[in-house]
Peer 1: 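Provided herewith is a single structure, encoded as structure tokens, for subsequent inquiry.
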Amino acid sequence: MQARILFEAAGPLTTIQDRGRTGAMRFGVPPSGPVDRLAFAAALTATGAADGWAFELSHGGCLITCHEGAIGFALCGGGFLADIDGDEPTAWRAGTLHTGQRLRIRAGSGNWAYLAFAGQHAAPRWLGSSATHASSGLGGGLIEAGSAYAFDAPRALEPRTLAPPPPSGPPDSLAVVLGPQDRHFPADAVRQLEQVRFTATSRFDRMGRVLGGPPLVPTSISMPSEPALRGCLQADGDGGLTVLLADHQTTSGYPKIATLIGPDVDRLAQMPAGHTFRFDLIDPHEALRRSRTAAAANAAWLRSLTAPRRLDERLWSSNLVDGVIDANGA
């Protein structure tokens with residue numbers, strides 16, 4: 001049995017993403033993978049495909065028609081809204097798409113969303129992964145109007161609204177660790193990093209996000225290229241800051257004054273344009289503690305997405321027998 005879907009419309013940054021190419025940086029290629037790793041994991045968990053892939057959506061959403069069969073789906077992240085044949089648009093939505101039905105997804109308060117289907121489809125792979133490097137299109141690939149996909153062994157999903165993830169920190173504060181090239185900045189720039197507010201601008205893509213705020217001008221940009229990592233705050237010669245995201249370059253000759261902790265990289269990527277925040281400068285030990293705390297909370301939340309919802313599902317998963325007796329009461 002198969003289910004077939006067709007993208008009637010797709011935004012310019014709609015791609016296939018899996019967990020990323022571990023170790024690919026040694027080939028000069030960024031790991032890529034989802035920009036918001038937690039929302040991506042939620043979509044896969046909700047569809048029962050924890051090791052699979054999902055469509056990553058940004059800048060406009062998409063319109064999908066189910067041409068054959070029935071297949072469950074889950075949309076997670078960014079406050080993106082989904083409706084089926086014009087019903088009530090809902091964020092963090094799971095359900096089933098039937099033959100002839102249209103699934104419309106529109107951008108929400110955030111910037112990135114993940115659409116997973118409850119079925120099997122072998123997406124193209126590159127360097128052992130289906131994660132798409134958007135600027136080259138290598139990997140699972142860019143999605144355009146007319147792209148069609150057939151899923152084997154499709155499964156239906158109960159219609160429901162999924163619970164959003166627990167907050168991993170204050171909405172107006174992001175944690176950073178100083179370095180790795182803070183030596184290229186004057187002391188005043190480091191003080192400003194912690195004391196002033198910055199703005200998440202509308203200038204972003206899968207490679208990075210430009211921040212608004214006071215310039216943190218480095219003492220020099222004449223430095224050898226050094227490794228670049230997701231979450232680095234990179235300054236150009238005029239002191240403008242860019243936070244590196246999933247498709248960041250592997251090396252950079254611009255100095256990086258600080259690095260966001262893992263959970264806060266995804267939070268920054270989803271901030272609506274114009275949102276202001278400050279950086280909370282912490283030491284590596286505190287960064288590790290906060291990251292572990294967030295990881296534990298997120299793991300518990302992801303487990304909750306698989307909890308049975310209907311009464312019959314709850315009964316099937318419960319032990320309703322705690323003993324056996326015969327007719328004589330023995």
Side-chain angles (χ1 to χ4, degrees), residues 10-41 43-44 49-59 111-112 114 116 120-144 147 149 176-177 179-182 184 203-210 221-236 241-266 268-269 284 287-288 291 295:
L13 272 183
T14 302
T15 62
I16 287 175
Q17 298 296 339
D18 68 10
R19 295 186 183 277
R21 295 181 290 278
T22 303
M25 288 182 70
R26 64 193 174 98
F27 299 114
V29 179
S32 295
V35 173
D36 185 341
R37 292 160 291 188
L38 184 57
F40 167 84
L44 295 189
D51 296 321
W53 57 269
F55 297 105
E56 181 179 77
L57 312 173
S58 186
H59 292 327
N111 305 305
W112 306 93
Y114 298 86
Q120 300 171 8
H121 176 88
R125 299 177 69 82
W126 178 58
L127 293 179
S129 168
S130 294
T132 304
H133 181 248
S135 61
S136 66
L138 295 171
L142 299 167
I143 311 303
E144 300 175 340
S147 297
Y149 295 86
V176 295
V177 177
Q181 286 112 25
D182 53 297
H184 291 284
R203 295 173 57 195
F204 68 87
D205 57 16
R206 283 185 45 81
M207 189 172 181
R209 185 165 199 178
V210 176
I221 57 172
S222 297
M223 55 173 279
S225 291
E226 297 186 15
L229 298 173
R230 184 192 292 235
C232 283
L233 284 94
Q234 176 178 277
D236 59 27
L241 290 184
T242 299
V243 178
L244 304 185
L245 299 177
D247 284 355
H248 64 82
Q249 68 275 29
T250 57
T251 61
S252 169
Y254 288 110
K256 294 165 281 295
I257 189 171
T259 303
L260 281 159
I261 66 172
D264 285 0
V265 178
D266 297 0
L268 175 65
L288 183 61
S291 296

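On a predicted model such as this, the values are computed, not experimentally measured, just so you know.
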Peer 1: Nearest heavy-atom pair of V177 and A287: which atoms, and what distance?
Peer 2: CG2-CB, 3.6 Å
Peer 1: Just so I know, are the side chains of L233 and T259 near enough to count as touching, which here means a heavy-atom distance under 4.5 Å?
Peer 2: no
Peer 1: Quick one: pull up OG in S32 and CD1 in I16 and give me the separation to the nearest 0.5 Å.
Peer 2: 13.5 Å
Peer 1: Can you sort out the partners of L138 under side chain to side chain contact (heavy atoms under 4.5 Å, CB included), two or more places apart, ordered by chain and number?
Peer 2: W126, S136
Peer 1: Testing the basics here: between I221 and P255, what is the closest heavy-atom pair and its distance to 0.1 Å?
Peer 2: CG2-CD, 3.9 Å
Peer 1: Please report the interatomic distance CG(L268) to CG(L245), rounded to the nearest 0.5 Å.
Peer 2: 7.0 Å
Peer 1: Any salt bridge (Lys or Arg N to Asp or Glu O under 4.0 Å) pairs touching residues 243-265, not counting sequence neighbours?
Peer 2: R206-D247, D264-R267
Peer 1: To the nearest 0.5 Å, what is the distance between CG on L241 and CD1 on I257?
Peer 2: 7.0 Å
Peer 1: For E226, give me all partners under salt bridge (Lys or Arg N to Asp or Glu O under 4.0 Å), at least two apart in sequence or on another chain.
Peer 2: R183
Peer 1: Do the side-chain N and O atoms of Y254 and Q234 include a donor-acceptor pair separated by under 3.5 angstrom?
Peer 2: no
Peer 1: Looking at every non-hydrogen atom in both residues, tell me the closest pair between R230 and V265 and how far apart they are.
Peer 2: CG-CG1, 3.8 Å
Peer 1: Just wondering, do Q249 and S225 contact through their side chains at under 4.5 Å, heavy atoms?
Peer 2: no
Peer 1: Please determine, by modelled atom types, if R209 and T242 share a side-chain donor-acceptor pair under 3.5 angstrom.
Peer 2: no
Peer 1: Run the salt bridge (Lys or Arg N to Asp or Glu O under 4.0 Å) test against R37 and tell me which residues pass, sequence neighbours left out.
Peer 2: D266
Peer 1: Which value, rounded to the nearest 0.5 Å, describes the distance between D205 atom CG and L13 atom CG?
Peer 2: 7.0 Å
Peer 1: Would a 4.5 Å heavy-atom cut-off, applied to side chains only, mark L229 and L244 as touching?
Peer 2: no
Peer 1: Is F204 close to N111 at the side-chain level, that is, under 4.5 Å between some pair of heavy atoms?
Peer 2: yes
Peer 1: What I'd like to find out is whether the side chain of P263 reaches to under 4.5 Å of the side chain of S291, using heavy atoms alone.
Peer 2: yes
Peer 1: Can you name the side chain to side chain contact (heavy atoms under 4.5 Å, CB included) partners of A41, sequence neighbours left out?
Peer 2: L302
Peer 1: Please identify each residue that fulfils ring-ring contact (aromatic ring centres under 6.0 Å, His included) with H121, with sequence neighbours left out.
Peer 2: W53, Y149, F151
Peer 1: Do M207 and S135 come within less than 4.5 Å of each other through their side chains, counting heavy atoms only?
Peer 2: no
Peer 1: So which atom in G20 and which in S129 form the shortest heavy-atom distance, rounded to 0.1 Å?
Peer 2: C-OG, 3.7 Å
Peer 1: Measure the shortest side-chain to side-chain distance between M223 and H184 over non-hydrogen atoms and say whether it is less than 4.5 angstrom.
Peer 2: yes
